[in-house]
S.K.: 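One structure is given below, represented as structure tokens, and several questions about it will come after.
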Amino acid sequence: MSPSLSRFPYLRQDFAASLVVFLVALPLCIGVAVASGVPAELGLITGIVGGVVTGLMRGSSLQVSGPAAGLTVLVFEAVRAFGLPALGVIVLLAGVLQIVMGALKWGRWFRAISLSVVEGMLAGIGLVIIAGQLYAAAGIPSPASGLAKLAGLPAALFKALGSTTALVSLAVAAGTVLVMVLWRRLPRAGRAVPGALVAVVLAGAATWLFDLPIATVRVGGVLDAVRLPGTESLTALADLALLGTVLAFALIASAESLFSAAAVDRLHAGPRTQYDRELVAQGVGNTLCGLLGALPMTAVIVRSSANVQAGARTKASRVLHGVWLLLFAALVPATLSYVPLAALAGILVHAGWKLVPFRAVVSLWRTQRGEALILVVTAVSIVAANMFEGVLIGLVLSVAKAAWDASHLRIDRFDNGVGPVRVRLSGTVTFLRLPKILDALEALPHDRPVELDLSQVHHLDHACRTALEAWAARHSPHDPGAIRVHSLPERARASETADSSH
């Protein structure tokens, strides 16, 4: 074995995987940028930084970072509200905040966010992306808000039916989606080239060969697209709404990256993710993207899973994919001008559809309707209001549900009319539920034995234990054996002991 191969024993596997990830990332970098309302080159810059810079850092060895569809809506709203020059400052501050959170070892706490909130967030984003990109597919201006996008679709469709250009554009978008869907049905060997890239190449070739009257990507030099933060963008920091957007960028990008890391860890048997270091790595990447005026980055599950499935073994694959993006942007950027915007809209519609967890909603509704409700409310709130408010609403609901579950108590009474009356308590027995418990116990007949079943109690605090003993003494003062208590669980007994020791 040559010295170079001994230092990099998996170079062959990582080199092959990097080419696959590059082909997956290229159309997504461009599509996310265009959907975000910024120049296509900014998506390439973020992809390059995500590969070359974040890819070199420690954290997760196989997940790949770059511009993500999950932040498209938030970026679009930020650019519309504060202007493109302010985008760099927002991303820069979000990156610094991520670094601080990682240094404080907050990365692991992002795993405590309710999965229903995250899936609801992705569903809401997916719905807004689909609605917005349907307008782009027809070449029709899109309304600003999510609700307006959805409400305006019938009128937009009617308008498109009367325009030959719009119909051609819709046909290109539909063909792009069709190619991507059918491509997944090919044998594994046939899917070596990503379907999104094949769809874009076919759409570009059809547009050029038939001289279709549809818009294509406007592209310039990558260096010309770099926008260092200036005085104009720094003055925007006085706006509290901008700081709220910074917080939203940091939290959502961090949550998406760390949830992606957890998912990627399940796909391979290599080193596990170090969450705090991964959060710092994402922060460094976003800080650099902000300095360059580019899009924010997150770890992206589509590219990451493609990286693992292509046989990547080390971080070299994701670094090399960034190198290929850099070479493409430097040597052949003019080829992007052949890519129809309708094809990119089709890619984003397909990506948005995959963000909506239809099966998860059905499964949750059958087993945990409270979690399903949180998912749906979060998604609807994002569509009706905006990303930040929708996620906050979802978090509040998840905390409220957790508090309800933690204090949930059920009292069942079994009485056949003769013999002992059996009362079963199940759930969490705390002083908050003491009035309800005492009301039920004091209503029991005094002339019959009582069996108090505590086998289903998860927690019994000291106040409730004392109250139950006092009730027993009052209920049968002359016959202590008339009341029997069954099987207080060890976990409840331990928690009671801990309560009484404070």
Side-chain angles (χ1 to χ4, degrees), residues 68-74 108-134 145-151 153 181 248 251-267 298-302 305 348-412 426-428 432-433 456 458-459:
L71 287 176
T72 300
V73 177
L74 194 58
R108 69 195 70 179
W109 290 104
F110 279 89
R111 290 182 290 175
I113 297 177
S114 167
L115 183 59
S116 297
V117 174
V118 176
E119 291 184 331
M121 176 190 75
L122 296 177
I125 294 168
L127 291 173
V128 175
I129 288 174
I130 292 171
Q133 292 307 304
L134 288 176
S145 70
L147 279 180
K149 287 182 173 70
L150 291 175
L153 283 177
V181 172
L251 294 180
I252 294 171
S254 300
E256 188 169 343
S257 295
L258 298 183
F259 271 100
S260 171
V264 173
D265 279 351
R266 292 195 291 268
L267 299 178
T298 72
V300 187
I301 189 62
V302 174
S305 60
L348 268 295
V349 167
H350 184 263
W353 182 265
K354 291 170 67 176
L355 288 176
V356 183
F358 295 103
R359 292 182 180 177
V361 174
V362 174
S363 176
L364 282 175
W365 186 254
R366 291 173 179 169
T367 57
Q368 301 183 53
R369 293 194 174 182
E371 294 294 336
L373 184 63
I374 292 173
L375 191 158
V376 172
V377 170
T378 302
V380 172
S381 299
I382 289 174
V383 173
N386 56 53
M387 172 89 69
F388 189 55
E389 292 178 7
V391 171
L392 282 181
I393 291 171
L395 289 174
V396 169
L397 285 177
S398 65
V399 171
K401 180 181 179 297
W404 169 261
D405 290 341
S407 62
H408 184 66
L409 170 69
R410 180 172 177 175
I411 303 175
D412 295 308
S426 55
T428 304
L432 295 174
R433 299 294 181 176
Q456 302 299 315
H458 305 305
H459 171 76

S.K.: Between L364 and A372, what is the shortest heavy-atom contact and its length?
M.R.: CB-CB, 3.7 Å
S.K.: Give a yes or no on whether the backbone of A360 and the side-chain of S363 come within a donor-acceptor separation of less than 3.5 Å.
M.R.: no
S.K.: Closest approach of L71 and A253, non-hydrogen atoms and distance?
M.R.: CD1-CB, 4.1 Å
S.K.: Is the closest side-chain heavy-atom distance between V181 and H350 below 4.5 Å?
M.R.: yes
S.K.: Work out which heavy atom in A299 is nearest to a heavy atom in S257; give both atom names and the distance.
M.R.: N-OG, 3.0 Å
S.K.: Just how far is it from atom CG of L397 to atom CG of L392, taken to the nearest 0.5 Å?
M.R.: 11.0 Å
S.K.: Rounded to the nearest 0.5 Å, how far apart are CD1 of I374 and CG of L395?
M.R.: 9.5 Å
S.K.: Step by step, work out the side chain to side chain contact (heavy atoms under 4.5 Å, CB included) result for V377 and I393.
M.R.: CA-CA 8 Å; V377 170; I393 291 171; 4.0 Å; yes
S.K.: Can you name the closest pair of heavy atoms from I382 and G124 and give their distance?
M.R.: CG2-C, 4.0 Å
S.K.: Could you work out, with salt bridge (Lys or Arg N to Asp or Glu O under 4.0 Å) as the rule, every residue matching K149, not counting sequence neighbours?
M.R.: none
S.K.: Where is the tightest heavy-atom contact between A68 and V300, given as atom of each residue plus distance?
M.R.: CB-CG2, 4.0 Å
S.K.: Do E371 and S116 have side-chain atoms, one donor and one acceptor, less than 3.5 Å apart?
M.R.: yes
S.K.: What is the minimum heavy-atom distance between L153 and A131, and which atoms define it?
M.R.: CD2-O, 4.0 Å
S.K.: First locate atom CD of Q133, then atom OG1 of T72, and finally report the distance between them rounded to the nearest 0.5 Å.
M.R.: 8.0 Å
S.K.: For a 4.5 angstrom cut-off between non-hydrogen side-chain atoms, does L375 reach V361?
M.R.: yes
